[in-house]
Amino acid sequence: MEALAVYGGSPSCASSSSLFRSSAADRRRSKNSLSHNLNLRFNHHSLAAFHSPSHLFSRSPSRPHTLKKTHIFLPHLIASMEQVEETYVMVKPDGVQRGLVGEVISRFEKKGFKLTALKLFQCPKELAEEHYKDLKSKSFFPKLINYITSGPVVCMAWEGVGVVASARKLIGATNPLQAEPGTIRGDLAVQMGRNVVHGSDSPENGKREIDLWFKEGELCEWTPAQAPWLVE
Ligand code: DAT
Ligand code: MG
């Protein structure tokens, strides 16, 4: 069976296969378009040193002599393109007061995720209640809202392949005493009501929470220069 041909240009105009990933922001914008999963992004200047992705394509055997070059897209790439997600991470008031903002950011940076939004913010009660609306019936809800609004938080949006589940792993279990050493909560916290950091629990909630905490224009679209060194 012939694979779907989705790329008709010369592969030499792209510098790295990692550039075939579309950003979550791009996908949000073009969600209804046919091309949304196949959105191609190039950065010729910063990535000119990298090989062309010609190994990702093969010539169509049925049209070996056509004048216009036709390249066959290898389907396994579609799977890796679709896994780019976005998640909302927040350093809670205890993390800010304890000077742990840099430590938290550093763990996500070192892992290789892309920061797309960042701000220090005093959360109003209504926003905290909306953010945690699924926990409204819990006995600890009023204490949770008091805690989240007790001082400034640091709001972040992070993007990357598998970032939602990976962020949860980096953060660790809800109860810091049960969180593994090496995780943020496992290393830096002792109590559930002071567990330093929040991370979205699903890609859907990642989108919902980023929309909730950030206004239009606060998200930044950019391509880190290190991208080809992180994702093949
Ligand atoms: P997580 O933050 O790991 O996603 P969650 O969404 O279940 O956990 O709960 C949100 C926050 O509420 C959590 O970080 C700490 C607080 N919390 C959860 N369960 C609690 C409990 N049983 N007692 C006190 N606080 C709790
Ligand atoms: Mg949660």
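We count ligands from 1, going down the list as the structure has it; atoms in each ligand are counted the same way. Bear in mind the structure is a predicted one, so any value in this text is a computation, not a measurement. Computation of the quantities below employed the complete heavy-atom set of this structure, encompassing side-chain atoms and omitting hydrogens, waters and symmetry-equivalent molecules.
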Protein residue, atom and distance nearest to [atom], heavy-atom basis:
atom	result
atom 3 (O) of ligand 1	Thr174 OG1, 2.5 Å
atom 9 (O) of ligand 1	Leu135 CD1, 3.5 Å
atom 15 (C) of ligand 1	Met192 O, 3.5 Å
atom 11 (C) of ligand 1	Leu144 CD1, 3.9 Å

Proximal ligand 1 atoms for Asn195, defined as those under 4.0 Å from one of its heavy atoms
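That gives atoms 13 (C), 14 (O), 15 (C) of ligand 1.
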Mark up the atoms of ligand 1 that fall under 4.0 Å of a heavy atom belonging to Lys92, in ascending order.
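Numbered from 1, ligand 1 contributes 14 (O).
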Minimum-distance pair of heavy atoms, taken over all atoms of Asn205 and Asp201:
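Answer, listing the atom of Asn205 first, then Asp201: ND2-OD1, 2.7 Å.
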Closest non-hydrogen atom pair, Leu230 against Lys111:
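Closest heavy-atom pair between Leu230 and Lys111: CD2-O, 4.3 Å.
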Compare Phe140, Tyr132, Tyr147 and give the one whose heavy atom is closest to atom 18 (C) of ligand 1.
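Answer by nearest heavy atom: Phe140.
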For atom 2 (O) of ligand 1, which of Arg185, Met90, His198 has the closest heavy atom?
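Nearest option to atom 2 (O) of ligand 1, by heavy atoms: Arg185.
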A cation-pi test, strictly: NZ or CZ of Lys119 under 6.0 Å from the centre of the six-membered ring of Phe121 and no more than 45 degrees from its axis. Yes or no?
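Checked: cation-pi criterion met.
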Give a yes or no on whether atom 7 (O) of ligand 1 lies under 4.0 Å from any heavy atom of the protein.
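Protein heavy atoms within 4.0 Å of atom 7 (O) of ligand 1 - there are none.
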Using a 6.0 Å cut-off, check whether atom CD of Gln122 has over 12 heavy atoms from anything other than its own residue.
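Atom CD in Gln122 is packed in, count exceeds 12.
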Going by an N to O cut-off under 4.0 Å, is there a salt bridge joining Lys133 and Glu129?
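No, no charged N to carboxylate O under 4.0 Å.
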Regarding Arg107 and Glu103, does a basic nitrogen lie under 4.0 Å from an acidic carboxylate oxygen?
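Yes, this pair counts.
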Can an N or O of Arg168 be found at a distance shorter than 3.5 Å from an N or O of ligand 1?
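Yes, at least one N or O pair falls under 3.5 Å.
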So, does Arg185 use its side chain to make a donor-acceptor pair with the main chain of Gly172 at under 3.5 Å?
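At least one qualifying donor-acceptor pair exists.
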